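Worksheet for the structure shown next.
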Amino acid sequence: METSAAAASAGGFFPSFLLLAFGTLVAAVLGVAHRLGLFYQLMHKVDKTSIRHGGESVAAVLRAHGVRFVFTLVGGHISPLLVACEKLGIRVVDTRHEVTAVFAADAVARLTGTVGVAAVTAGPGLTNTVTAVKNAQVAQSPVLLLGGAASTLLQKRGALQAIDQMSLFRPLCKFCASVRRVRDIVPTLRTAIAAAQSGTPGPVFVELPLDVLYPYFMVEKEMIPTKLPNSLMGRVVVWYLQNCLANLFVGAWEPRPEGPLPLDIPQASPQQVQRCVEILSRAKRPLLVLGSQALLPPTPANKLRAAVETLGVPCFLGGMSRGLLGRNHPLHIRQNRSAALKKADVVVLAGAVCDFRLSYGRVLNRKSSIIIVNRNRDDLLLNSDIFWKPQEAVQGDVGSFMIKLVEGLQGQMWSSDWAEELRKADQQKEQTYRDKALMPVLQHLNPVWVLQQVEETLPDNALLVVDGGDFVATAAYLVQPRGPLRWLDPGAFGTLGVGAGFALGAKLCQPEAEVRHWMWETNCLLGCELP
């Protein structure tokens, strides 16, 4: 009885085991087929006769996003995309160093509110851009870096200029991707451009291997041997290479959306805006500090300026917000910022960060009510655990917040005594600079005098590119940009050498402007004008 039961149990076990083994084998085969792209190849076409190439897809996406310039140093890895850009009317601007190409793209991004684009070749071409990409990251500038790379099958096999480029740029960029199939070029670039402009703007990197940019017939010539091997293993290798080639180009030219994806821009909630309105409405000595984020899209500069003028609060302008109010505006206070911050009872930090530029928050009065607005949460609360505390911290777009704040205050006015006090201190400090300009020097030029001459002779259409260290800080006190988006400096990273690329990008964006590129450092001053 027991023997027959055991036999029946064993008899039921083996069919179940075989069924499980067969199912596992089928699943493994299907998984391998999926990884090899065989199912996708069954449903989509490989056009072996087409002479189109991946560079055309890159150019189409750039044109659909309103890109007008691509900055580069030409290399074989990226030639197809440069040729395609020129055919679609995108101007390709060649530089003599890759870092200059990225600096120029950075300037375009800051001045136009769109993404700036640089394309460089693989290996050393990309490593040469690292400083400029880091500068764009710190300055929160939306730059798209397109990098060439060795063919997909030759990576990690000792190919020319082949390095692990992704590991190099992941710490520097908001988004990094390596395109492995021609059909992925369009969606990857759309995602990258949206990421560059969403949230806190910043650089993004897309790696484009050589075989996804060149046409089928050229890649086939390099990848597939002309003579079929006799050995079984040789034939398997050739089949694998043919399958890789098919996966590269299958579905490559099927129509896909190329236009911009929706951007994710954080906004202040109505409740946060209302709390800020209540705080500011009680102020007797309010002060506004605007940073670079205030000039980011979607709020145009003229609308932001109107909001600041309607608000009527004395303000300091820094970074890309310099020039927002033009020259000699009564609300614009330029001197004695630390003293003013100590006296203010309500301070609005709109895009300003409590880093070294605000002495890590130590210049703020602990008794003041601090409202801070920033897209980036880390910048929003930087050093707030040590030297200062915000009464209201708003993670959102600065320009949109300013518009809503002004609407909520409904034309409230403040006493003119506070603004008059700040203007009087401003004038006294400027008199000290005039006195310094008259002081004789033993050799070379008095830099304060030189900067005053620049200020007095600067035309209204001038766009200033300031490149340097100590004298840039001095120029910020003495030279007034004549309007919004007419001042370009490196940003918080303090990179020296941005000037040539910034000036190139600025002149292309604003050809009617008189672009003045000023290089300043401790013991030298050189000014050159671009025609």
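These numbers were taken from a predicted model, which means no experiment stands behind them. Only this structure's heavy atoms are used, side chains among them; waters, hydrogens and symmetry mates stay out.
For the pair N374/L381, no side-chain contact is recorded, criterion being any heavy-atom separation below 4.5 Å from C-beta on. Using a 4.5 Å heavy-atom threshold, the side chains of L213 and V58 count as touching. Side-chain contact between S50 and W253 is present, with heavy atoms from C-beta onward closer than 4.5 Å. Using a 4.5 Å heavy-atom threshold, the side chains of V70 and L62 count as touching. A heavy-atom distance below 4.5 Å is found between the side chains of R183 and R256.
Using a 4.0 Å cut-off between charged nitrogen and carboxylate oxygen, R180 and D184 do not count as a salt-bridge pair. Salt bridge absent: R486 and E514 never bring a charged side-chain N and a carboxylate O closer than 4.0 Å.
For E430, the salt bridge (Lys or Arg N to Asp or Glu O under 4.0 Å) partners at least two apart in sequence or on another chain are R334. For N302, the side chain to side chain contact (heavy atoms under 4.5 Å, CB included) partners are P300, not counting sequence neighbours.
The only member of L288, L364, V373 that meets side-chain contact (heavy atoms from CB on, under 4.5 Å) when paired with L349 is L364.
One distance of note links CZ of F71 with CG of L146; it measures 13.0 Å at 0.5 Å rounding.
In this structure, the side chain of S321 engages the main chain of G318 through a donor-acceptor pair within 3.5 Å. The backbone N or O of G361 sits nowhere less than 3.5 Å from a side-chain atom of S359 that would complete a donor-acceptor pair. A donor-acceptor pair under 3.5 Å links the side-chain atoms of N446 to the main chain of M439, judged by distance alone.
Judged by the 6.0 Å distance and 45° axis criteria, R362 is positioned over the aromatic ring of F387.
Pairs of residues two or more places apart, or lying in two chains, that qualify as side-chain hydrogen bond (donor to acceptor under 3.5 Å, both in side chains) and include a residue from residues 490-500 are N135-T495.
Under the 30°/60° scheme for interplanar angles, the aromatic rings of Y433 and Y477 are found to lie parallel.
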